[in-house]
Amino acid sequence: MIKRTHTCGQLRETHAGEPVSLTGWVNAYRLYGQNLVFIDLRDRYGVTQLVFDKESCPEALIEAAAKLRAEDVVGVRGTVRRRENPNPTIPTGLIEVVATEMEIFNKTDQLPILPDDSGAAGNIAGEEMRLKHRYIDLRRPRMQSILGVRHRVCQTARRYFDENGFLEIETPVLYKSTPEGAREFLVPCRTVPGQFYALPQSPQLFKQILMISGCDRYMQVCKCFRDEDPRADRQPEFTQIDLEMSFVRREDIMDMMEGFVRRLWKEVAGVDVPPIQRMGYREAMERFGIDRPDTRYGLEIKDISDIARKIEFKVFQEALAQHPEARAYFSKKGVVKAIRVPGGAEKLSRKITDGYSGFVATFGAGGVPTVKLNAQGAFETGIAKFLEPVKAELIAALGLQPGDTVLFAADSYAVATKSLGELRQKVARDMGLVPKPGCEGGPWNFLWVVDFPMFERNKETGKWVALHHPFTAPRDDQAEAFVRADLNSDDETIESIVSAGYDIVLNGQEIAGGSVRIHSRAVQAKVFELLGMTPEQAKEKFSFLLEALSYGAPPHAGIAFGLDRLIMNFVGTDNIRDVIAFPKTLIGQDLMTRAPSPVPDDQLKQVHIASIAKG
RNA sequence: GGGGCGGUAGCUCAAUUGGUUAGAGUACCGGACUGUCGAUCCGGUGGUUGCGGGUUCGAGUCCCGUCCGCCUCGCCA
């Protein structure tokens with residue numbers, strides 16, 4: 001078998017005259033009668049032109065070369081030669097390899113898709129075809145490059161955390177069902193009939209136990225599983241870079257993780273990340289309407305309820321009449337909020353702004369009242385006539401300039417905030433304000449979001465739920481208030497308790513999230529109680545944790561980075577399937593292997609399962 | 001669970017108001033050509049229009065159901 005001496009991306013002018021051999025796939029072929037054949041040979045490292053011509057090759061070799069087609073797999077021996085006509089568009093374009101011997105490892109059948117990034121062959125395969133024939137799709141230089149970025153991110157994480165004393169430890173994939181959070185994948189147990197494992201939503205409790213075990217610093221690149229409906233940026237199985245540290249408080253772990261972010265961006269993107277700013281949850285919700293603000297552009301949200309109160313506009317008045325006595329946050333109290341869109345009068349056509357009503361309807365809002373300030377400084381269109389009495393106040397409050405458009409939301413705090421938070425991002429896209437992905441020179445805007453509420457009331461059930469997860473500790477200065485609070489009557493206190501959680505937000509995407517953990521058995525038990533668990537239920541589900549907490553648990557804190565989303569940012573895609581070698585479709589199928597699949601009844605019996613699915 | 005878009009040649013797409021034999025590019029096959037690099041030129045093979053049912057003289061097109069892909073709301077401690 002011909003073995004390669006070089007890769008297809010390696011040869012340069014300095015190799016001229018050397019005997020070499022290359023192996024790879026036929027990327028393209030160009031024929032000139034019986035006398036001259038060009039083959040572009042591709043491997044993971046690049047493309048090199050092979051030449052078969054009458055002067056250098058026996059006739060049989062040229063004939064064989066002329067029969068090569070796209071994706072045939074071959075090895076070639078030959079000599080490196082400077083090209084008569086260099087091709088400046090590829091790194092190996094100054095040379096070619098004059099073939100003297102060829103071994104065909106495999107001929108290909110008619111291909112369903114071509115591994116072609118450029119669309120040079122006249123088309124780019126659809127995603128369904130790419131997933132079905134993933135092994136061809138992954139040959140594309142673009143996909144190879146993404147796999148490379150993913151590898152570098154993982155390697156950088158392992159190096160950085162190794163240098164800082166972290167141990168890489170594997171945690172179980174067959175785990176105990178703890179059904180509070182996301183829906184779990186279940187695995188029937190053969191040896192204990194009728195009982196099940198669950199696949200972990202995250203290794204959360206194991207890494208805490210590892211801290212209690214004295215491991216001090218833990219890291220793992222680990223698979224997590226959530227059986228929820230997917231999105232463009234979600235998969236049922238995804239990967240986290242998971243971390244936990246002992247004997248630290250919030251500032252310590254945030255410093256350590258900021259160091260990791262700085263190292264990662266330096267090594268993977270060649271970018272120096274400046275110190276990461278912090279923003280409180282309340283400020284983020286107030287200014288951006290979302291807990292992961294995209295700070296690459298303005299369009300901030302302002303509360304103008306006090307101005308809106310003064311005018312006779314039914315939509316505003318009805319909104320403001322909702323729960324007027326309620327607390328401002330996490331409540332149903334009515335508010336009026338607004339976004340100033342600089343230059344929107346020209347760029348946002350009537351058709352576009354009309355479309356915003358339908359957009360916010362999906363978040364429960366009734367519409368988007370709109371007004372323009374024309375070049376002469378007069379309110380125009382939409383609700384102009386209602387706003388006239390408070391024109392000066394509005395201009396001052398929002399900093400309006402001629403040519404601006406103002407978009408309003410009048411609803412409950414929750415709906416108005418969510419609607420404008422989402423609308424803000426849509427307007428930014430419509431106005432062309434969102435820069436290209438960072439890898440193409442756009443800004444990387446990092447932000448720590450901190451001071452989340454510990455708990456909020458579930459909208460439907462009215463039960464308290466943990467905003468992050470039930471193992472999150474209150475912020476140091478809040479712990480006492482939580483310990484003292486009466487769970488049955490002290491709603492105001494419970495709602496106001498701030499956690500020691502922290503998220504890293506990048507360009508409006510959450511890329512990491514974590515918290516200081518509860519290391520007191522009493523506090524942990526109290527959280528379980530608040531979340532509606534009886535002591536018996538808490539014991540049944542989490543006795544191992546409660547026991548561990550009472551046998552010498554150090555203070556500890558952790559975080560997890562969403563690896564897939566990190567890669568999406570580095571390579572500039574909004575499709576998570578692009579950054580996973582073998583991803584699943586929206587209903588969780590693997591189109592290549594056709595998983596999931598039926599299994600024989602025998603196999604079901606062994607695990608004590610009977611299917612009730614029809615058909 | 002809800003809403004939206006799509007499924008036609010190996011692949012990417014087109015097909016007028018429901019109208020004759022469903023087209024193009026590319027891939028593939030055959031031929032021409034000694035410096036191309038998205039080679040070019042000539043010719044050819046290739047179709048159960050996702051699947052099932054219905055309306056109609058006539059369905060790729062309209063209706064019902066179903067499967068699959070994508071986007072999205074809910075959901076994702």
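All values derive from a computational prediction rather than experimental measurement. Chain naming here is simple, since letters A, B, ... match the order of the sequence lines and numbering starts at 1 in each.
Rounding to whole angstrom units, CD of residue A/Glu128 and P of B/rC71 are separated by 12 Å. Rounded to a whole Å, the CG atom of A/Leu94 is 17 Å from the P atom of B/rC37. Straight-line distance from the CZ atom of A/Arg234 to the C1' atom of B/rC73: 10 Å, rounded to whole Å. Here B/rC33 presents its C1' atom at 13 Å from NZ of A/Lys54, a figure rounded to the nearest Å.
Interface remark: the A/Arg226 side chain does not form any donor-acceptor pair with the B/rC76 base, using a distance-only criterion of under 3.5 Å. Side-chain N/O atoms of A/Gln34 and base N/O atoms of B/rU34 include no donor-acceptor pair closer than 3.5 Å. For A/Asp229 and B/rG74, a side-chain-to-base donor-acceptor distance below 3.5 Å is present, hydrogens and geometry of angles not being considered. For a distance-only test at 3.5 Å, the side chain of A/Arg81 qualifies as a donor-acceptor partner of the base of B/rG35. A donor and an acceptor atom never sit less than 3.5 Å apart when one is taken from the side chain of A/Arg130 and the other from the base of B/rC11. With hydrogens and angles left out, the side chain of A/Arg69 and the base of B/rC29 share no donor-acceptor pair within 3.5 Å. In this model, no side-chain donor or acceptor of A/Arg30 finds a partner on the base of B/rU34 within 3.5 Å.
Taking a pair to require two hydrogen-bonding distances under 3.5 Å in either a Watson-Crick or a G-U wobble arrangement, B/rG35 remains unpaired. In this structure, B/rU66 forms a base pair with B/rG50, meeting either the Watson-Crick or the G-U wobble geometry with both donor-acceptor distances under 3.5 Å. Shown here, B/rG18 forms no base pair; nothing in the strands shown gives a Watson-Crick or G-U wobble contact with both key distances under 3.5 Å.
Stacking of A/Arg69 on the aromatic ring of A/Tyr29 is recorded, both the 6.0 Å distance cut-off and the 45° axial limit being met. The cationic group of A/Lys223 does not satisfy the cation-pi geometry with A/Phe238, failing either the under 6.0 Å distance to the six-membered ring centre or the 45° limit from the ring axis. Cation-pi geometry between A/Lys176 and A/Tyr197 is not met: the NZ or CZ atom fails to fall both under 6.0 Å from the ring centre and inside 45° of the normal.
A close approach under 4.0 Å does occur between a side-chain nitrogen or oxygen of A/Thr585 and OP1 or OP2 of B/rG69. Phosphate contact (OP1/OP2 of B/rC70, side-chain N/O of A/Arg577, threshold under 4.0 Å): present. The phosphate of B/rC76 (OP1 or OP2) has no side-chain N or O of A/Gln201 nearer than 4.0 angstrom. Remark: A/Asn87 is not in phosphate contact with B/rC37, judged by side-chain N or O atoms under 4.0 Å from OP1 or OP2. Contact annotation: A/Tyr29 reaches the phosphate of B/rC28 (side-chain N/O to OP1 or OP2, under 4.0 Å). Taking side-chain N and O atoms only, A/Arg231 has no distance below 4.0 Å to OP1 or OP2 of B/rC70.
If you check every strand for non-hydrogen atoms under 4.0 Å, A/Lys463 touches nothing. Contact annotation for A/Leu31: base contact, defined as any heavy-atom pair under 4.0 Å involving a base atom. Among the protein residues, A/Gly364 comes within range of no part of the nucleic acid, since none of its heavy atoms lies under 4.0 Å from any strand. A/Ile113 comes within 4.0 angstrom of no nucleic acid atom, judged by non-hydrogen atoms across all strands.
Using bins of under 30°, 30° to 60° and over 60° for the plane-to-plane angle, the ring pair A/Tyr135/A/His133 lands in the perpendicular bin. Ring geometry, A/Phe528 versus A/Phe542: the interplanar angle falls under 30°, so the pair is classed parallel (tilted spans 30 to 60°).
Both thresholds, 5.5 Å between centres and 30° between ring planes, are met by A/Phe38 relative to the base of B/rU36, so the two rings are stacked.
If you find the closest nucleotide of RNA chain B to A/Glu422 and to A/Leu586, the one lying nearer the 5' end belongs to A/Leu586. In this structure, A/Gln589 and A/Gly181 both approach RNA chain B, and ranking their closest nucleotides by distance from the 5' end singles out A/Gln589.
Nucleotides B/rU61 and B/rU8 place their C1' atoms 11 Å apart, quoted to the nearest Å. The separation of B/rA59 from B/rG18, taken at their P atoms, amounts to 14 Å, rounded to a whole angstrom.
Checking side-chain atoms of A/Gln220 against main-chain N and O of A/Thr171 turns up a donor-acceptor pair under 3.5 Å.
The closest side-chain heavy-atom distance from A/Phe363 to A/Val415 is not below 4.5 Å.
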